[in-house]
Amino acid sequence: MNTDYNFREIEAKWQSWWAEHQTFKTVEDPSRPKYYVLDMFPYPSGAGLHVGHPLGYIASDIYSRYKRLRGFNVLHPMGYDAFGLPAEQYAIQTGQHPEKTTNDNIARYRRQLDRIGFSYDWSREIRTCDPEYYKWTQWAFLKMFGCWYDNDAQKARPIEELESAFAQGGSSAVNAACTEHEAFTAEQWAGFDSLKKEEVLMNYRIAYRGETSVNWCPKLGTVLANDEVKEGYSVRGGHPVEQKKMTQWQLRVSAYAGRLLDDLDALDWTDSLKDMQRNWIGRSQGCEMVFKTVNGSEEYDVTIFTTRADTVFGVTFLVLAPESDWVEKLTSADRKAEVEEYLSQVRKKTERERISQTRNVTGVFSGSYAINPLTGDKVPVWISEYVLAGYGTGAIMAVPAHDSRDYAFAKTFNLPIIPLIEGCDVSSESFDAKDGIMCNSGFLNGLTVKEAIPAAIDYVEQHGLGRRKINYRLRDAIFSRQRYWGEPFPICYKDGRVIPIPFDKLPLELPEISTFLPTESGEPPLARAEGWEYEGCPIETCTMPGFAGSSAYYLRYMDPHNQDALVSREADEYWRNVDLYIGGTEHATGHLIYSRFWNKFLYDLGYVCEKEPFRKLINQGMIQGRSSFVYRIIGTNTFVSFGLKDQYKTTEIHADISLVHNDRLDTEAFKKWMPEYADAEFILENGEYICGSAVEKMSKSMFNVVNPDNVCDTYGADTLRLYEMFLGPLEQSKPWDTKGIDGVHRFLKKVWRLFYDRDGLILNDEKASPAELKSLHKLIGKVTADIEAFSYNTAVAAFMIALNELTELKCSKREILEPLIILLSPFAPHIAEELWHAAGHEDTITFAQWPQYNEALTVEDSCTYAVSFNGKTRFTVDLSKSLGKEEVEAIVREHSLTAKYVGDGKIVKMIVVPGKIVNVVVK
RNA sequence: GCGGAUGUGGCGAAAUGGUAGACGCGCUACUUUGAGGGGGUAGUGGGAGUUUUCCUGUGCGAGUUCGAGUCUCGCCAUCCGCACCA
């Protein structure tokens with residue numbers, strides 16, 4: 001009889017047992033409380049999983065299993081975010097269909113995931129590239145196309161309601177979110193032909209097509225969303241990105257900016273993540289103000305946005321963004337050539353260059369002048385790239401005395417600077433602080449800045465010069481990608497009109513094409529598809545971006561096989577929203593914004609019952625790699641050990657970490673690793689070759705990738721799971737360091753030893769001693785609290801402490817060990833199942849009952865504390881029974897102390913401070 | 001520049017304002033000759049002392065408190081996010 005801890009056998013056995021018995025298949029059950037635990041589904045890349053990926057999955061799996069043990073009906077699904085650029089790039093290079101490589105990658109991911117023993121309900125698996133799934137992505141898009149946003153009601157409404165509002169009262173009948181506001185009366189609306197009406201409505205649709213300045217990435221041949229660009233480079237691939245005007249599909253996310261911001265407060269997310277979103281949404285409160293502007297004989301109203309209405313008396317010029325529509329109108333005939341020259345210079349710059357040249361002040365005078373609405377002063381209108389077209393109105397009033405950017409501009413172009421705050425010095429820099437007493441400001445003189453801002457806005461509103469306005473930085477999401485491997489738009493074009501393809505024709509499936517490159521004329525790959533048309537009308541050739549498929553996937557898991565709806569009302573009302581969502585921070589301003597927007601849109605239409613998709617969110621940290629280095633003496637094939645390397649001139653070379661254990665290099669394996677090292681020689685220290693190390697990103701080129709499969713081979717999935725949790729706090733980034741894994745593995749072997757000795761099972765039915773019960777209940781209390789707090793590293797430590805105590809007590813009692821393995825089962829499910837089975841249970845441990853914590857059993861039954869006082873005085877306090885307030889006070893009197901009594905309960909610890917006070921700590 | 005987080009042994013890390021360093025790794029000594037990642041015992045922040053023990057110690061500097069790794073303020077350093085957002 002083999003009585004060793006044979007994790008390979010055990011893990012394979014239970015993984016197939018769970019699969020056969022469909023242990024984790026979840027069914028809606030109104031008699032039990034629900035709990036929805038979700039991982040951010042992975043993009044199945046060609047490289048497979050490394051040891052960092054499962055960190056969050058393990059954490060969520062532990063919580064899922066814990067919740068099941070506590071009687072919850074747990075929804076814990078998994079799927080794949082399977083559309084995307086890398087598969088398509090690979091297809092372009094190799095000609096392989098992205099569907100094939102994606103499926104291969106998914107199969108590999110699945111094998112890797114299965115080995116770790118996750119409790120996913122795979123019957124609910126979804127893939128965003130599956131037509132049965134993307135049907136509902138297309139459906140949602142059509143719904144957005146068919147809706148407008150009512151700013152007064154703060155919700156999306158069907159476009160038909162907008163049409164009838166226009167028919168009754170023209171454009172002023174509603175307060176709607178729109179791209180370009182064009183005023184018209186009901187009569188004018190009635191006079192529009194259908195094409196014109198369509199054009200007008202397009203400005204209001206939540207999914208709309210319109211010209212906008214986009215992030216164009218020439219290398220990838222596609223536009224990108226703001227969150228897909230970082231510092232002027234594409235997040236995927238790191239290619240330069242430039243600004244370009246293009247007609248693109250967009251989602252009116254900006255209409256939801258206020259709600260996206262306000263509803264953050266109620267979410268159980270970290271402050272840093274909420275702040276990131278707040279930042280990204282970028283609410284600022286101020287006012288719009290109209291400046292009458294004169295270009296020769298022409299007069300225009302230029303609307304500017306400012307948060308500092310109080311500084312309007314210090315305006316010495318206006319500035320337009322180069323892309324602003326006013327530029328053309330306000331360029332005087334004699335300035336035309338210079339303005340054109342400046343605009344072409346600006347256009348040539350990539351986003352990257354614009355950012356890196358932040359310090360260089362550039363601009364050009366338009367030739368026009370504006371009238372300050374409060375002072376009547378005439379000020380010049382300039383054009384400069386420091387004003388952004390996409391924010392506010394694309395035009396600003398410049399107050400150089402109190403804005404550093406305006407100040408730099410004024411200094412460069414010799415424009416006047418008027419200080420407005422008493423005693424401020426603007427001789428070398430602007431005074432930006434919102435602090436001080438106003439001067440040179442007419443009716444605002446004498447007020448503080450904080451009083452002056454609302455006073456100025458009130459004045460502006462009362463005199464019809466402008467209005468209060470809240471501006472958001474959040475932009476509409478550009479929704480077209482000039483790529484093949486994404487959801488097709490259910491849209492076709494006929495006689496210049498945009499026609500939605502009816503719901504009952506969905507899914508509109510991706511057609512086969514011969515090659516995945518864009519066409520010669522630069523059109524998207526779908527332009528190559530034969531017969532890509534609907535009833536004779538050409539279908540849109542762009543596809544949807546990556547975030548389309550991931551925006552509502554959590555809803556589909558609730559009801560993945562529903563043919564008639566994204567999610568049925570019953571399923572939605574049962575599962576509601578995600579209770580716990582675990583994933584990386586990298587989605588803070590992408591997926592997590594879009595998903596919230598998408599959910600709110602569906603909420604407005606009554607398809608989902610919760611305002612927010614993800615109630616609690618945890619960002620797991622990254623696991624970095626720990627690279628190992630060997631040191632080759634320059635010009636030789638001799639390698640010198642880390643401690644001796646300073647005696648030679650060496651180059652540092654990454655050594656594959658599979659050749660290294662506890663920083664010691666397996667020199668023979670190293671020789672076989674690469675041909676060039678076959679005859680390598682080594683200078684050892686103490687008979688060993690010690691490697692250097694560094695923490696770096698886990699990547700193939702650093703030879704520091706740890707594959708979870710290898711860890712499962714060597715130590716087993718349970719050890720991997722425990723170790724990843726033991727490594728440190730979940731949210732923290734930390735390097736993968738194989739050193740400590742032996743300790744965790746040893747722990748599991750010792751757990752096994754409590755059940756088995758060399759002769760077989762030693763589990764017995766003897767009655768537990770108080771000491772054993774104390775160990776157990778301390779553990780129950782600690783582990784329960786730690787799981788609830790997601791403090792998994794300390795939970796694992798608690799197991800080790802309990803184990804040490806029970807091993808010391810030679811405890812093999814069922815009364816202790818059965819609850820212990822239930823506690824352990826979320827962390828190490830395979831060994832727990834095996835021992836549960838060994839203890840005589842036929843069923844799975846998955847639905848056992850979480851042990852009841854009895855605090856009374858954890859109290860010391862006999863304990864005398866020696867207390868030192870003033871370094872000399874000593875007395876003892878018997879804490880054998882719980883002490884109440886009276887007993888404490890008695891001790892205090894006896895020793896002439898003063899005391900502060902804290903709380904009630906059992907006193908386990910007394911601390912005496914020399915001279916004064918006894919403070920009683922209650923545990 | 002703005003916002004957020006973090007700073008504790010040789011290492012990963014613990015500590016409702018209450019004996020700092022639990023637990024694990026590593027290391028040291030002893031032990032068991034079952035060394036295909038063996039088992040056990042003891043020790044392990046630094047310094048002093050033959051023993052009981054003492055001093056010192058959580059990035060730096062103040063403050064609150066009987067008491068601060070923990071709370072407050074100011075620095076310093078590191079990491080992350082945003083960044084000409086008017």
Side-chain angles (χ1 to χ4, degrees), chain A residues 230-231 270-280 282-284 286 304-308 311 319 321 354-355 357-361 384-388 390-399 402-406 408-409 432 471-475 585-586 588-589 619 621-622 661-663 693 714-715 722-723 726-729 731-747 749-750 753 758 785 791 793-804 807 865 867-868 871 897-900 902-903 909-923:
Chain A
K230 204 165 255 181
E231 292 173 3
T270 60
D271 287 335
S272 69
L273 194 75
K274 286 192 198 179
D275 274 337
M276 263 192 239
Q277 289 214 343
R278 289 193 186 108
N279 236 307
W280 189 259
R283 179 187 147 107
S284 58
I304 59 93
F305 174 77
T306 182
T307 54
R308 292 294 302 275
T311 60
V319 189
R354 273 179 84 149
I355 290 165
Q357 290 171 11
T358 306
R359 295 285 129 84
N360 293 352
V361 178
S384 172
E385 61 181 333
Y386 87 86
V387 175
L388 305 174
Y391 184 76
T393 62
I396 63 154
M397 62 178 210
V399 185
H402 302 292
D403 183 288
S404 56
R405 297 152 300 179
D406 299 346
F409 195 82
D432 291 11
N471 243 326
Y472 295 98
R473 203 186 72 104
L474 185 70
R475 306 276 306 275
T585 345
E586 65 271 21
T589 52
N619 292 120
M622 284 234 283
H661 193 256
N662 283 347
D663 286 342
S693 69
T714 323
Y715 295 99
L722 272 171
Y723 184 57
F726 187 60
L727 222 38
E731 286 100 331
Q732 200 167 297
S733 285
K734 53 229 157 186
W736 177 266
D737 185 345
T738 326
K739 273 183 187 167
I741 200 166
D742 292 317
V744 171
H745 189 63
R746 214 167 281 156
F747 161 76
K749 285 204 280 195
K750 287 182 192 168
R753 282 279 156 254
R758 283 194 195 93
S791 177
N793 56 329
T794 52
V796 176
F799 279 113
M800 292 175 171
I801 295 167
L803 179 97
N804 287 345
T807 306
Y865 273 66
V867 182
S868 65
L897 305 164
T898 50
K900 192 165 71 177
V902 186
K909 195 152 74 173
M910 289 193 75
I911 294 146
V912 175
V913 175
K916 286 183 182 171
I917 277 180
V918 176
N919 196 339
V920 179
V921 181
V922 180
K923 213 176 198 172

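Throughout, a chain's letter reflects where its sequence line sits, starting with A, and its residues are numbered from 1. Given the structure is predicted, the values throughout are model-derived calculations rather than measurements.
- If you check every strand for non-hydrogen atoms under 4.0 Å, A:Leu727 touches sugar and phosphate atoms only.
- With rounding to whole Å, A:Leu474 atom CG is found 19 Å from B:G81 atom P.
- With B:A22, B:A86, B:G81 as the choices, the nucleotide that has an atom nearest any side-chain atom of A:Met276 turns out to be B:G81.
- When both distances must be under 3.5 Å, the Watson-Crick or G-U wobble mate of B:A14 does not exist.
- The side chain of A:Arg473 contributes an N or O atom lying less than 4.0 Å from OP1 or OP2 of B:A83.
- Between A:Ser272 and A:Asp275 the shortest side-chain heavy-atom distance does not fall below 4.5 Å.
- Residue A:Lys734 contributes atom NZ, which lies 13 Å from atom P of B:G12 at whole-angstrom precision.
- Of the candidates B:A14, B:C23, B:G3, the closest approach to any side-chain atom of A:Thr794 belongs to B:A14.
- The same atom, C1', is picked in B:A13 and in B:G81; the two are 26 Å apart, to the nearest Å.
- Distance from the side chain of A:Asp403 is smallest to B:A86 among B:A86, B:G4, B:C23.
- With the nearest nucleotide of RNA chain B identified for both A:Thr393 and A:Asn804, A:Asn804 has the one nearer the 5' end.
- Of the P atoms belonging to B:C84 and B:G1, the separation is 15 Å, rounded to the nearest Å.
- Taking every side-chain heavy atom of A:Met800 into account, B:C23 is the closest of B:G3, B:C23, B:C84.
- One finds a side-chain N or O of A:Tyr391 lying less than 4.0 angstrom from the OP1 or OP2 phosphate oxygen of B:A86.
- Residue A:Asp271 is classed as having no contact, given no heavy-atom separation below 4.0 Å to the nucleic acid.
- When the nearest nucleotides of RNA chain B are assigned to A:Ala798 and A:Leu273 by heavy-atom distance, the more 5′-ward of the two goes with A:Leu273.
- A:Asn793 comes within 4.0 angstrom of sugar-phosphate atoms only, judged by non-hydrogen atoms across all strands, and of no base.
- Formation of a donor-acceptor pair under 3.5 Å by the A:Ser733 side chain with backbone atoms of A:Met622 is found in this model.
- Residue contacts for A:Arg746: at a heavy-atom cut-off of 4.0 Å it reaches the sugar-phosphate backbone alone, with no base atom in range.
- Between A:Phe409 and A:Tyr386, the two ring planes are tilted [angle within 30° to 60°].
- For A:Ser284, counting side-chain heavy atoms from C-beta on, the closest listed nucleotide (B:C23, B:G34, B:A86) is B:A86.
- Taking the C1' atoms as reference points, B:A14 lies 15 Å from B:U19, given to the whole Å.
- Of the possible polar contacts, one joining the A:Asp432 side chain to the A:Ser404 backbone as a donor-acceptor pair under 3.5 Å is found.
- Remark: the backbone N or O of A:His745 is not paired with any side-chain donor or acceptor of A:Lys750 at under 3.5 angstrom.
- Applying the Watson-Crick and G-U wobble criteria (two distances, each under 3.5 Å), B:A86 pairs with nothing in any strand.
- Taking atom P in both B:G69 and B:U64, the straight-line distance is 16 Å, to the nearest Å.
- Nearest nucleotide to the A:Ser272 side chain, out of B:A14, B:G4, B:C23: B:G4.
- If you measure from atom CG of A:Leu803 to atom P of B:G24, you get 9 Å, rounded to the nearest angstrom.
- No contact: A:Pro735 has no heavy atom under 4.0 Å from any strand.
- In this structure, B:C79 forms a base pair with B:G4, meeting either the Watson-Crick or the G-U wobble geometry with both donor-acceptor distances under 3.5 Å.
- A glycosidic torsion no more than 90° from 0 defines the syn conformation, and B:G9 adopts it.
- Taking atom C1' in both B:G26 and B:U65, the straight-line distance is 39 Å, to the nearest Å.
- A side-chain N or O of A:Tyr391 and one of A:Ser284 form a donor-acceptor pair less than 3.5 Å apart.
- Applying the Watson-Crick and G-U wobble criteria (two distances, each under 3.5 Å), B:G43 pairs with B:C27.
- Whole-Å rounding puts the A:Asp275 CG to B:G81 C1' distance at 10 Å.
- Distance from the side chain of A:Phe726 is smallest to B:C23 among B:G3, B:C82, B:C23.
- Only the P atoms considered, B:C79 is 43 Å distant from B:A42, to the nearest whole Å.
- In this structure, A:Phe747 atom CZ and B:C25 atom P are separated by 12 Å, rounded to whole Å.
- Proximity of A:Asp406 to A:Ile396: side-chain heavy atoms (C-beta onward) are separated by under 4.5 Å at one or more points.
- Only the P atoms considered, B:U70 is 11 Å distant from B:G7, to the nearest whole Å.
- Pair assignment for B:U33: none, as no Watson-Crick or G-U wobble contacts are both less than 3.5 Å.
- Side-chain contact between A:Asn619 and A:Thr270 is present, with at least one heavy-atom pair separated by less than 4.5 Å.
- Remark: B:A68 base-pairs with no nucleotide in the shown strands. Criterion, Watson-Crick or G-U wobble with two distances under 3.5 Å.
- If you check every strand for non-hydrogen atoms under 4.0 Å, A:Asn471 touches nothing.
- Checked against B:C23, B:A13, B:A86, the side chain of A:Leu388 finds its nearest nucleotide in B:A86.
- The nucleotide whose nearest atom lies closest to any side-chain atom of A:Gln732 is, among B:A15, B:G40, B:A13, B:A13.
- If you measure from atom CG of A:Asp742 to atom C1' of B:G39, you get 14 Å, rounded to the nearest angstrom.
- Taking atom CG of residue A:Asn619 and atom C1' of nucleotide B:C79, one finds them 15 Å apart after rounding to whole Å.
- A:Val796 pairs with exactly one of A:Phe726, A:Tyr723, A:Phe747 by the side chain to side chain contact (heavy atoms under 4.5 Å, CB included) rule, that one being A:Phe726.
- Rounded to whole Å, the distance from NE2 on A:His745 to P on B:C23 is 21 Å.
- Under the Watson-Crick and G-U wobble criteria, each requiring two contacts below 3.5 Å, nucleotide B:G21 is left unpaired.
- Comparing the same atom, P, in B:A68 and in B:U53 gives a spacing of 24 Å after rounding to whole Å.
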